[in-house]
Amino acid sequence: MKKPVIIALAMVAVLAVIGAGTLWYQSRQDQPLTLYGNVDIRTVNLSFRVGGRLQTLNVDEGDRLKAGQTLGVLDRAPYENALLQAKANASTAQAKYDLTIAGYRDEEIAQAVAAVNQARAAYDYAQNFYQRQQGLWKSRVISANDLENARSSRDQAQASLKSAQDKLSQFRAGNRPQEIAQAKAGLEQAQAQLAQAELDLHDTTLVAPSDGTVLTRAVEPGSMLNAGSTVLTLSLTRPVWVRAYINEQSLGEARPGREILLYTDSRPDKPYHGKIGFVSPTAEFTPKTVETPDLRTDLVYRLRIIVTDADDNLRQGMPITATFQDAAAHE
């Protein structure tokens with residue numbers, strides 16, 4: 001074979017290799033960015049805020065719930081009794097406060113006036129008797145001891161009059177501000193205890209906070225429960241999102257709001273649709289659940305992709321393949 005022919009064939013081979021490489025690179029560039037993740041659904045542990053004996057539990061594992069649905073009830077008798085006691089205490093405190101505000105009755109004031117008049121009459125008599133005894137003492141008709149007895153009687157009558165007058169002033173002025181404040185504080189405390197008793201009785205009923213599905217039924221009727229003990233575990237129906245990870249080289253593609261196609265093994269030809277809702281600001285090592293060989297030891301950023309057309313076929317932990325839609329189409 002002649003040398004020019006060999007050179008020509010070599011050049012053709014080189015051009016073929018370059019063309020094939022170009023086509024391979026072009027095909028790689030045209031492929032959409034693909035990520036791998038898992039379905040993430042929020043769960044809630046439901047419990048009573050008060051303790052007691054579980055009387056009824058109306059749902060079982062797998063049941064679908066609606067927000068506000070009654071799930072279970074504790075024995076209400078202890079809390080009903082506590083509520084009655086709290087109402088009685090509040091009524092007593094209200095009556096005491098009203099009495100303190102109203103002050104003394106007219107009949108009590110009239111009695112105090114009569115006591116003052118009686119004490120004044122006794123004092124006047126004792127004062128006159130003492131003055132007569134003084135005249136007799138000057139004439140040496142009585143002894144010094146008799147005069148001293150008269151003075152002592154006069155002083156006692158004067159003290160009784162002063163006490164009666166002070167009591168009358170107290171009745172007319174009413175109760176002191178400190179006594180009124182004390183009665184008001186007692187009333188407010190009783191009202192707070194009443195409100196708590198009403199809340200405790202209300203909390204003997206467990207209701208669903210939102211739509212969802214019962215994952216776990218942890219107790220049975222008749223069980224004695226402490227406040228906060230888990231009764232049911234609820235899987236929330238909405239929202240549903242996918243937790244995925246992206247490397248730093250592709251991070252610019254992960255813009256919040258960008259549309260994503262989500263594929264499951266059971267629906268390889270019918271994707272779900274989602275939008276990026278959150279991109280982690282910090283990098284982390286790829287979790288073991290992401291099994292792509294080129295990402296296992298890399299630092300990646302976590303994405304939260306909100307599924308916009310989720311249905312009951314998406315289950316907690318289900319593996320998902322996320323494909324970015326064409327950027328031009330997205331724009």
Side-chain angles (χ1 to χ4, degrees), residues 18-45 62 64-67 208-215 233-331:
I18 293 175
T22 301
L23 290 175
W24 177 84
Y25 178 79
Q26 190 83 28
S27 65
R28 293 284 293 179
Q29 292 297 105
D30 292 340
Q31 289 182 356
L33 178 61
T34 300
L35 304 177
Y36 303 91
N38 299 88
V39 175
D40 201 355
I41 299 174
R42 284 182 177 173
T43 60
V44 179
N45 293 327
R64 295 183 179 180
L65 309 180
K66 294 294 184 181
S210 60
D211 295 352
T213 303
V214 178
L215 292 181
T233 300
L234 176 65
S235 173
L236 301 183
T237 303
R238 298 290 184 272
V240 176
W241 62 74
V242 171
R243 184 189 301 267
Y245 298 85
I246 189 170
N247 59 25
E248 185 176 0
Q249 291 80 3
S250 304
L251 187 59
E253 299 292 328
R255 300 185 302 273
R258 181 165 182 180
E259 296 180 354
I260 305 290
L261 295 178
L262 305 169
Y263 295 89
T264 64
D265 293 340
S266 59
R267 287 179 30 169
D269 300 324
K270 187 178 180 182
Y272 293 94
H273 297 81
K275 291 184 178 181
I276 297 178
F278 168 78
V279 180
S280 174
T282 58
E284 57 187 276
F285 283 105
T286 308
K288 295 180 180 180
T289 53
V290 179
E291 297 296 340
T292 53
D294 56 338
L295 287 181
R296 286 174 184 165
T297 59
D298 290 349
L299 287 173
V300 293
Y301 293 83
R302 177 166 52 90
L303 302 181
R304 175 178 294 174
I305 304 171
I306 302 172
V307 185
T308 57
D309 55 353
D311 57 25
D312 293 339
N313 293 321
L314 290 177
R315 303 299 177 90
Q316 178 78 32
M318 179 181 290
I320 292 290
T321 300
T323 301
F324 282 59
Q325 295 196 45
D326 181 73
H330 175 72
E331 299 294 339

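Side chains are part of it too, since the values below use all heavy atoms of this structure and drop only hydrogens, waters and symmetry mates.
- Using a 4.5 Å heavy-atom cutoff, the side chains of H273 and E259 are not in contact.
- Rounding to the nearest 0.5 Å gives a distance of 12.0 Å between CG of L314 and CG of N38.
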Report the C-alpha separation of I320 and T264 in whole Å, then their side-chain angles, then the decisive distance to 0.1 Å, and conclude whether the side-chain contact (heavy atoms from CB on, under 4.5 Å) test is met. CA-CA 5 Å; I320 292 290; T264 64; 3.2 Å; yes

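- Residues Y263 and P271 are in side-chain contact: their nearest non-hydrogen atoms beyond the backbone lie under 4.5 Å apart.
- Just one residue in the list V242, D265, V39 forms a side-chain contact (heavy atoms from CB on, under 4.5 Å) with P319, and that residue is D265.
- No donor-acceptor distance shorter than 3.5 angstrom exists from the side chain of S280 to the backbone of Y301, with no hydrogens or angles considered.
- Here CG of L33 is found 7.5 Å from CZ of R258. Values are rounded to the nearest 0.5 Å.
- Interatomic distance, W241 CH2 to I305 CD1, rounded to the nearest 0.5 Å: 13.0 Å.
- Between G277 and I306 the shortest heavy-atom distance is CA-CD1, 4.2 Å.
- Going from atom CG of L234 over to atom CD1 of I41 covers 11.0 Å, rounded to the nearest 0.5 Å.
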Evaluate I246 against V279 for side-chain contact (heavy atoms from CB on, under 4.5 Å), listing each step before the verdict. CA-CA 9 Å; I246 189 170; V279 180; 5.7 Å; no

Assess whether side-chain contact (heavy atoms from CB on, under 4.5 Å) is satisfied between F324 and I276, documenting all intermediate values. CA-CA 10 Å; F324 282 59; I276 297 178; 4.1 Å; yes

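- Heavy-atom minimum distance, P209 versus A67: O-CB, 4.1 Å.
- Seen from the ring of Y272, R267 counts as a face-on cation partner, given the 6.0 Å and 45° thresholds.
- Taking both residues in full, the closest heavy atoms of G62 and T213 are given as O-CG2, 3.7 Å, listed atom of the first, atom of the second, then distance.
- The NZ atom of K275 sits 11.5 Å away from atom CD1 of I260, with the distance rounded to the nearest 0.5 Å.
- Rounding to the nearest 0.5 angstrom, the gap separating the NZ atom in K66 from the CG atom in D211 is 4.5 Å.
- For S210, the side-chain contact (heavy atoms from CB on, under 4.5 Å) partners two or more places apart in sequence, or in a different chain, are L236.
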